[in-house]
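This report refers to the structure that appears directly beneath it.
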Protein chains: 2
Amino acid sequence: MNYSYLNNIELEKALNILLNAAIEIGAGQQAEKIPVREACGRVTSEAVYARISSPHYNASAMDGIAVCARSTFGATDTTPVVLQEGKDYKMVDTGDPLPSGFDAVVMIEDVINLGDGTVKLLKSAVPWQHVRQIGEDICAGDMILPSNTVIEPATIGAMLAGGIQEVWVWKRPLAGIIPTGDEIVPPGGTPEEGKIMEFNSSIFSSMLSKWNAVSKVYDIVPDNIELIKGALLKAASECDIVLINAGSSAGRDDYTARAISELGTLLVHGIAIRPGKPTVLGLIKDKPVIGVPGYPVSGIIVLEKLVKPLIEYYNHYSMPEGQTVKAVLSKRVVSSLKYEEFVRVKLGSVDDRIVAVPLNRGAGVVTSFVKADGLLHIPMNSEGFEGGQTVNVQLLKREDEIKNTLVVTGSHDPLLDVMSDIMQRTWRGEYISSSHVGSMGGIMAVKRSEAHMAGIHLLDEETGEYNISYIRKYFPDRKIILINCVKRIQGLMVKPGNPMGIKGISDLARPELKYVNRQKGAGTRILLDFLLRKHGINASDIYGYDREEFTHMSVAALVASDSADAGMGIYSAAKIYGLDFIPVCEEQYDFILPEKYMDMKLVKHFIEILKSDEFRNTLQAMGGYNTDNAGSITVL
Amino acid sequence: MNYSYLNNIELEKALNILLNAAIEIGAGQQAEKIPVREACGRVTSEAVYARISSPHYNASAMDGIAVCARSTFGATDTTPVVLQEGKDYKMVDTGDPLPSGFDAVVMIEDVINLGDGTVKLLKSAVPWQHVRQIGEDICAGDMILPSNTVIEPATIGAMLAGGIQEVWVWKRPLAGIIPTGDEIVPPGGTPEEGKIMEFNSSIFSSMLSKWNAVSKVYDIVPDNIELIKGALLKAASECDIVLINAGSSAGRDDYTARAISELGTLLVHGIAIRPGKPTVLGLIKDKPVIGVPGYPVSGIIVLEKLVKPLIEYYNHYSMPEGQTVKAVLSKRVVSSLKYEEFVRVKLGSVDDRIVAVPLNRGAGVVTSFVKADGLLHIPMNSEGFEGGQTVNVQLLKREDEIKNTLVVTGSHDPLLDVMSDIMQRTWRGEYISSSHVGSMGGIMAVKRSEAHMAGIHLLDEETGEYNISYIRKYFPDRKIILINCVKRIQGLMVKPGNPMGIKGISDLARPELKYVNRQKGAGTRILLDFLLRKHGINASDIYGYDREEFTHMSVAALVASDSADAGMGIYSAAKIYGLDFIPVCEEQYDFILPEKYMDMKLVKHFIEILKSDEFRNTLQAMGGYNTDNAGSITVL
């Protein structure tokens, strides 16, 4: 099936087409009257004028007596003025209305009571002293709020004080979300093979509500043009905006584009962005329809870049611009000239500069958005950026949080997640971020000041000793601290019951075996290579030697499935997947960091965690760890 | 009644006492399990681990055939490999599970169909090519989120993909709000004199929901110690936190403090902040109780400074710090050494510097928070700041909005509100801010670059001409643009039917009359003084000459009440209040600005508004305006 897009149009153009279409159909002009009490965050559709003044009467601002100032003129210590209750004065408490005919209040402290219903004053009163006058806060007829203003808590108070109980605000747009796809099933349980759980609608509706839109999620529609058309018509008649979440496969897009053009107007099909190219824009029954690509990452980008501005148009209010920061790229990012690209990056603040580490660019990897701290924008006609280059990154997380994050990289071990969990439970606003680039990658990252520390487990084949010789070699001229972490058991993970009867390294070359390896530079891979040499095995004889995974968990996951028979990794990963485990050796897993970071509060807490019972008990339960020396320090 | 506070303790100490009390009672440890779909914005109370992998099966990433890579090794154009359907390969579409026994996919484009159930390949397949492997996104057992993490839309997708439908999050605290006071009535209608509408609870609950707390507003309780105690006990047993909104009058505080100490523990009574001193902190039934002062401004400050951090403790998450900016103070702000003060300021961005104009400091003036763009913090033991001094201001509005605001000051006229409404309806994200300092104040503000332009109506007594001679006098060396606005009718506002039979200026000195004046520097006051001299009237003979109001509206509001018989102002204000109006003269109301601002987009739009039919028609309807030359420009 040879499919071609209608266009490959720039994002900005596509957005303008969409917004102009919205303007032409007169979208976003519906207002509704709601109780002021519930109006916080809503946007006024017309100016609000006070109906009554506040205060709406002249009120005494003191406990004392209300007088007519004139009647007190000339009062002094030597020429006091005597006033008669009822006739010349009346008692008032704070908040009481000023009795008519009176125009000032004398504090009770300045009133000498003569007992016989008269009082003596030694000081004359200034007209309107201690009187809170009508309209001091709001005058009837004052404009409290102009149109298109966000209603804040204090404004709610002002409106109520001004006698306004209901206010006209713009109606928030209702966005219908239609998930489609034969392979899509609602979340729940463990779907059978070939079925994929539908979670995009939950992502999208959460995003929409953040943007003050209301969303309605429809049932999943199978890949059938007629059913899709039916769903589109229904949603278009019930909602203000329709999102149809087609997959990005040509066949599927074909349906969406076709359905829209058959039911209404197809405006755009194919936008020059990555991820997010297979996007469809159109109109059905004068309602904007967006065909959102099926891969979650593409979908999130398309909602951010196209749907959000549309929502803002309906709400007559633009959200604050996302903050951007300057960051140094940790490695080269290549981009196609034909596309505007958005790359998720992990940010780390090291030595007062922010480093951006590009994350998995796969459009299907939603966790890349969970891990992402920022979005790197690569314009069209750019081939990308070089490593070390300073780039602008749009923040997805708070800068203060990024700056309070200890950046740990290097070799992967699940214990890092345990540590970051303990950190966030123990110290509010302190974080550990960990990325997995292998032990050697970790050493290089620390050398380049891209991380505060690295987890490493590197065997010196001559001495049989771990880590230290590597530190000496790669940091000849710098003081490096080695934080002892754990001894952990490495071994071969095999299927439960070891059906292939694997006894050790020597079996890995058996032709019928499928192996899964770790990425180059990973300590575990270096360990394997060492063992292969020891056993005189040729890497090329191992089927799957070139098959690279980045974590112990993913190796275990593949061995647990029928896609691999064996892989090397740590015991705790094997245990999670109920795999058999053939121990090969115990290795030393440590953290290294330049001495200057030892003063950081985050590092102190990091070491506290290593020494904590909670950490030790958790690793005990995970199995395969020896934490006896965890947290002890060696200066190298 | 002589009342004294328990203490006058620093804010920071008071907050620590409150938070430590919360820790001691083990507050904020309740978690709840909620559907992942509804968890956006909530905070995890424990780490979330993936239950299943995503994808949970090896999926074909292409339409094509599934093969065992080994069986294709060696295939080239000259030595093709022929495979048999079923035995050597199976057809697969994108997303299909990889049939067991196969480990690679060959794109349909690279498959030569020989028809007889066999295909020919000219290229060998690499193991696992075009296969989306198990766990590519998430591996079962992976930690998706650590504890105390805010759940974002993408995280919701990751959790659902990881087989998690329900998540443990911290329970949001429930805050009970008890309004009290004999004079307090629920909002609605026009309360009788002596009654004040209760709107604080609406302000507070809106603030609380912004901070992710839930609030419950109780019925108004009269000033009765037993009833107050009853209400406190009920709220303390039903809620996590109790706010009792006592007024700041000694008598009332007395009740709250007494009630708390009789029912539980009184921790603090009296905090060294302004506004907000009369604050009570305590515990009842192991629930924090905050006695919030009754004046809305004090209440808002106390919630911001004390309740917000408490809520954050319950939610295990701190809101982002409010952004602060450097600003130049327009005038001196005096503060008491004994108090930490928070002053609302209006911010204007003029000539790339931000100017802060202090607003009404009255704790009862809720509109000061509506107008405020920022909060100026004056520490204890400081006497305040001088005019022209650069200070740090905590932003209450968005900086980008402040920078897109045309700063207009000077003489007051309701037409400025009309213009700002038209501006916000016509140009998204463009604003006009106006403050009222009188014509002369406006000239000085423009001279000091504290505003872009000023509205003035200044009569030259010699020439009888308006504004121009003043500009020449005060800007001898600068090019000033005069934007013609309106001719408006000034006159005496008197009660409907003119019961006192006021005919003109000459009557104002009549002893039985109560006059209300405008503030010094106001054009209207200058006009009055001119007329008084003309009629040979002595200002000191006018009862109320020293009574100063800042707007035409507030003068009208006082004349409409029985607190004044006459005041000078413009026709439109008199009309709103249904007052009789005795025309005195027609005056010219214009705007002046330095020429350099004429290029500003905001100024261009400002002039467009002056020339618009909408503006002219609105003023027509308001009455007393002549807009024939509105928008015409004179260079001086």
Side-chain angles (χ1 to χ4, degrees), chain A residues 37 40 47 52-53 57-58 94-97 100 128 134-135 137-139 141-143 146-148 153-158 160-161 165 183 187 190 193-194 197 199 202-203 206-207 249 296 318 320 365-367 369-370 398 417 420-421 424-425 429 544 547 553-554 557-558 561-563 576, chain B residues 37 40 47 52-53 57-58 94-97 100 127-128 134-135 137-139 141-143 146-148 153-158 160-161 165 183 187 190 193-194 197 199 202-203 206-207 249 296 318 320 365-367 369-370 398 417 420-421 424-425 429 547 553-554 557-558 561-563 576:
Chain A
R37 279 198 167 100
C40 190
I52 59 174
S53 299
Y57 62 95
N58 290 315
T94 308
D96 285 351
S100 105
W128 304 104
I134 288 179
D137 193 352
I138 300 166
C139 293
D142 279 347
M143 186 185 288
S147 309
N148 296 340
T155 333
I156 289 176
L160 293 172
Q165 273 93 48
E183 76 282 28
T190 306
E193 292 206 345
M197 275 196 288
F199 55 79
S202 304
I203 299 179
S206 309
M207 294 175 83
S249 78
S318 303
V365 182
V366 69
T367 48
F369 251 117
V370 177
R398 278 161 51 179
D417 292 331
S420 102
D421 180 49
Q424 287 189 220
R425 269 190 286 110
R547 184 177 179 191
M553 296 290 252
S554 40
L558 292 174
S561 78
D562 74 347
S563 84
I576 285 173
Chain B
R37 280 198 167 98
C40 190
I52 60 174
S53 298
Y57 62 95
N58 290 316
T94 308
D96 284 351
S100 111
W128 303 103
I134 288 179
D137 193 353
I138 300 166
C139 293
D142 278 346
M143 185 186 288
S147 309
N148 297 340
T155 332
I156 288 175
L160 292 173
Q165 274 92 48
E183 76 282 29
T190 305
E193 292 207 346
M197 275 196 289
F199 55 79
S202 303
I203 299 179
S206 309
M207 294 174 83
S249 79
S318 302
V365 183
V366 69
T367 47
F369 251 117
V370 177
R398 279 162 50 179
D417 291 331
S420 102
D421 180 48
Q424 286 188 222
R425 266 188 289 112
R547 184 176 178 190
M553 295 291 254
S554 39
L558 293 173
S561 78
D562 73 349
S563 85
I576 285 173

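The structure displayed is predicted, hence computed values, not measured ones. Letters A, B, ... mirror the listed sequences (proteins, then strands); counts begin at 1.
Nearest heavy-atom pair, Tyr57(B) versus Gly95(B), reported as atom, atom and distance to 0.1 Å: OH-O, 2.7 Å. Closest approach of Glu193(B) and Pro97(A) over heavy atoms only: OE1-CB, 3.5 Å. The heavy-atom pair separating Leu558(A) from Ile134(B) by the smallest distance is CD2-O, 3.9 Å. Taking every heavy atom of both residues into account, Met197(B) and Ile52(A) meet most closely at CE-CD1, 3.6 Å.
Both the backbone and the side chain of Met207(B) come within less than 4.5 Å of a heavy atom of chain A. Proximity to chain A involves both the backbone and the side chain of Gln424(B), based on heavy atoms less than 4.5 angstrom apart. Only the side chain of Cys40(B) comes within contact range of chain A, judged by heavy atoms closer than 4.5 Å.
Heavy-atom pairs under 4.5 Å with chain B peak, among Pro320(A), Ala158(A), Ser554(A), at Pro320(A). Your options are Ala161(A), Gly544(A), Pro296(A), Gly429(A), and the one with the most heavy-atom pairs under 4.5 Å with chain B is Ala161(A). For the set Thr190(A), Ile576(A), Asp96(A), the count of heavy-atom pairs under 4.5 angstrom toward chain B peaks at Thr190(A). Between chain B and the residues Asp417(A), Thr155(A), Ile138(A), the most heavy-atom pairs under 4.5 angstrom are made by Asp417(A). With respect to chain A, the highest number of heavy-atom pairs below 4.5 Å among Ala557(B), Ser420(B), Gly135(B), Pro187(B) belongs to Pro187(B). Ranking Asn148(A), Asp142(A), Ile156(A) against chain B, the residue ahead of the rest is Asn148(A), based on heavy-atom pairs under 4.5 Å. When Pro153(A), Ser206(A), Ser100(A) are compared by the number of non-hydrogen pairs under 4.5 Å with chain B, Pro153(A) comes out ahead. When the candidates Ser202(B), Ser318(B), Gly194(B), Ser561(B) are compared by the number of heavy-atom contacts under 4.5 Å with chain A, Gly194(B) comes out ahead.
Of the N and O atoms on the side chains of Arg547(A) and Ser563(A), at least one donor lies less than 3.5 Å from an acceptor on the other residue.
Listed by chain and number, the residues in a side-chain hydrogen bond (donor to acceptor under 3.5 Å, both in side chains) with Ser53(B) amount to none (sequence neighbours excluded). Taking Ser147(A) as the reference, Asp421(B), Arg425(B) meet the side-chain hydrogen bond (donor to acceptor under 3.5 Å, both in side chains) condition, with sequence neighbours excluded.
Expressed to the nearest 0.5 Å, how far CG of Asn58(B) lies from CH2 of Trp128(B) amounts to 5.0 Å.
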